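The next block holds one structure in the form of structure tokens; read it before the comments.
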Number of protein chains: 2
Amino acid sequence: MSIIRKTKTVKLLLKEFNKSNEAISVIELIDKFNKKMDKTTVYRILDRLEDSRILHSFVDQDGLKRYAKGASNTDFNNEPEIHPHFLCEDCGTSSCLPVTIQIPDIPNYTIKSAEHLLIGRCKDCVS
Amino acid sequence: MSIIRKTKTVKLLLKEFNKSNEAISVIELIDKFNKKMDKTTVYRILDRLEDSRILHSFVDQDGLKRYAKGASNTDFNNEPEIHPHFLCEDCGTSSCLPVTIQIPDIPNYTIKSAEHLLIGRCKDCVS
DNA sequence: TTTCCTACTGCAATTAAGTTGCATTAAACA
DNA sequence: TGTTTAATGCAACTTAATTGCAGTAGGAAA
């Protein structure tokens, strides 16, 4: 686990993630901060923040990497848990869902981690 | 849904998928058939086979597209179902798992589809 | 406060997955 | 067997992500 310096760029990214619980794609972040920092810096900071378990990541249906607050195997109360990620096909926003998905026992397989991606309409887009 | 001609290249790919129930990455296929067909052809055939619901696809943890036999929302008996995909971190093989994952009701969200990726050790790699 | 170490950054170049345009080829049906 | 047009190969391109390296700036220690 690498040491994290509180540089200007790190602070900017952390501020962005603290705005909401949304899962933000790297591309969005690069675009949003293109005046403030290089894309390489964005990639590297996200890497470090994930190493430090401040953020967690997953790959969405489009193959894009997305990051959100918190460790991947922990819920909002820091209890061990695997939570699903939601992607709204209408507005494109993504977020961590505060529910637990039950994985059935599969004989002869050992499951170490899981990634659940749910696609549909979010609360703002359901009409 | 486009018409599918039984060309040599289509037959080669279909034969590969009929060997097993494994989910094969596009990259593996391009590599395996690099003497037999162009990578563009591989991409386009897979596209067509998915359109025709002969194959289904998903994106794995590495952001790589993988294809496997059958339609995505159908089980091995053609019953509607959402099945998880498994990826062995030891041997790298991937497959569709014949189990159903229950998605809990999430208030205010409409879930249209889901992708479940389980990572661990397959039956051949569990020691 | 100043010094010093090294984590961090920016830039340019590169890799790798996937896409597009277009001229040519070959299924498949009359 | 000829005709239509789906399918292919090739080259060029796009886009996400990575790497190397010289220069910069956190922050601990003096």
Side-chain angles (χ1 to χ4, degrees), chain A residues 1-17 23-68 72 85 87 92 94 115 117, chain B residues 1-17 23-68 72 85 87 92 94 115 117:
Chain A
M1 186 153 90
S2 53
I3 294 155
I4 297 258
R5 287 188 179 170
K6 288 281 163 58
T7 60
K8 287 173 198 164
T9 46
V10 168
K11 283 178 195 164
L12 269 174
L13 283 174
L14 281 178
K15 209 170 93 185
E16 189 64 22
F17 281 101
I24 316 173
S25 72
V26 183
I27 297 305
E28 285 173 78
L29 291 168
I30 288 172
D31 194 58
K32 178 152 206 166
F33 293 110
N34 79 85
K35 294 277 180 3
K36 308 273 186 177
M37 66 187 93
D38 190 74
K39 62 174 176 164
T40 321
T41 304
V42 177
Y43 281 110
R44 289 197 270 224
I45 290 176
L46 293 173
D47 251 16
R48 273 181 274 141
L49 291 175
E50 184 168 30
D51 271 359
S52 312
R53 319 199 87 226
I54 294 165
L55 300 179
H56 67 287
S57 74
F58 62 96
V59 175
D60 72 15
Q61 286 305 69
D62 297 328
L64 294 182
K65 204 161 189 184
R66 287 179 175 269
Y67 285 85
S72 60
H85 291 116
L87 187 69
S94 177
E115 178 54 44
L117 192 57
Chain B
M1 184 153 88
S2 53
I3 294 155
I4 298 257
R5 287 187 181 172
K6 289 281 163 57
T7 60
K8 287 172 199 165
T9 45
V10 168
K11 283 177 196 164
L12 269 174
L13 283 174
L14 281 178
K15 208 171 95 186
E16 189 64 21
F17 280 102
I24 316 171
S25 72
V26 183
I27 297 306
E28 284 174 78
L29 291 169
I30 289 172
D31 195 55
K32 178 152 206 165
F33 294 109
N34 79 87
K35 294 276 179 1
K36 307 274 185 175
M37 66 188 93
D38 191 74
K39 63 171 179 168
T40 322
T41 305
V42 177
Y43 280 112
R44 289 196 271 225
I45 290 176
L46 294 173
D47 250 16
R48 274 181 274 139
L49 291 175
E50 184 168 30
D51 271 358
S52 313
R53 320 199 86 227
I54 294 166
L55 299 179
H56 67 285
S57 74
F58 62 96
V59 175
D60 72 14
Q61 286 304 70
D62 296 328
L64 295 182
K65 205 163 187 180
R66 287 179 176 270
Y67 285 85
S72 60
H85 292 115
L87 187 70
S94 177
E115 177 54 43
L117 192 57

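As the structure is a prediction and not an experimental result, all values here were calculated from the model. Chain identifiers are assigned alphabetically (A, B, ...) following the order of the sequence lines, protein sequences preceding nucleic acid strands; residue numbering begins at 1 within each chain.
Between B:D60 atom CG and C:dA16 atom C1' the separation is 14 Å, expressed in whole Å. Following rounding to the nearest Å, B:D47 (CG) and C:dT19 (P) show an atom-to-atom distance of 7 Å. Atom CD in B:E28 sits about 16 Å away from atom P in C:dA16, given to the nearest Å. One can place CD1 of B:I4 at 18 Å from P of D:dT5, the figure rounded to the nearest angstrom. Atoms CE (A:M37) and P (C:dC11) sit 13 Å apart, rounded to a whole Å. Between the C1' atom of D:dA6 and the NZ atom of B:K8 lies a distance of 15 Å, rounded to the nearest Å. Whole-Å rounding puts the A:D38 CG to C:dG10 C1' distance at 5 Å. The distance from atom CG of B:D31 to atom C1' of C:dA16 is 13 Å, rounded to the nearest whole Å.
For A:K65, whose side chain is taken as the heavy atoms from C-beta onward, the closest listed nucleotide among C:dT19, D:dA17, C:dC11 is D:dA17.
Closest-nucleotide positions on DNA chain C for B:Y43 and A:T41 were compared, and the one nearer the 5' end corresponds to A:T41. Where A:K11 and A:V26 each meet DNA chain D at their nearest nucleotide, the meeting point lying more 5' is that of A:V26. If you find the closest nucleotide of DNA chain C to B:I27 and to B:R5, the one lying nearer the 5' end belongs to B:I27.
Side chain of B:E50 to main chain of B:S57: a donor-acceptor pair is present (N/O by atom type, distance under 3.5 Å, no hydrogens or angles).
Residue-level contact check: A:K39 touches the bases, meaning some heavy atom is under 4.0 Å from a base atom. In this structure, A:I45 reaches the sugar-phosphate backbone alone: every heavy-atom distance under 4.0 Å involves primed, P, OP1 or OP2 atoms, never a base. Across all strands, B:K36 comes closer than 4.0 Å only to sugar-phosphate atoms, never to a base (heavy-atom distances). Heavy atoms of B:I30 sit nowhere under 4.0 angstrom from any nucleic acid atom.
Considering only side-chain N and O atoms, B:R44 lies nowhere under 4.0 angstrom from the phosphate OP1 or OP2 of D:dT8. One finds a side-chain N or O of B:T7 lying less than 4.0 angstrom from the OP1 or OP2 phosphate oxygen of D:dT8.
A:H85 and A:F58 have parallel rings, their planes meeting at less than 30° on a 0 to 90° scale where 60° marks the start of perpendicular.
At a threshold of 4.5 Å between non-hydrogen side-chain atoms, the residues A:R44 and A:R48 count as touching. No side-chain heavy atom of A:T41 sits less than 4.5 Å from a side-chain heavy atom of A:T7.
The minimum heavy-atom distance linking B:G63 with A:V59 is given by the pair CA-CG1, 3.8 Å.
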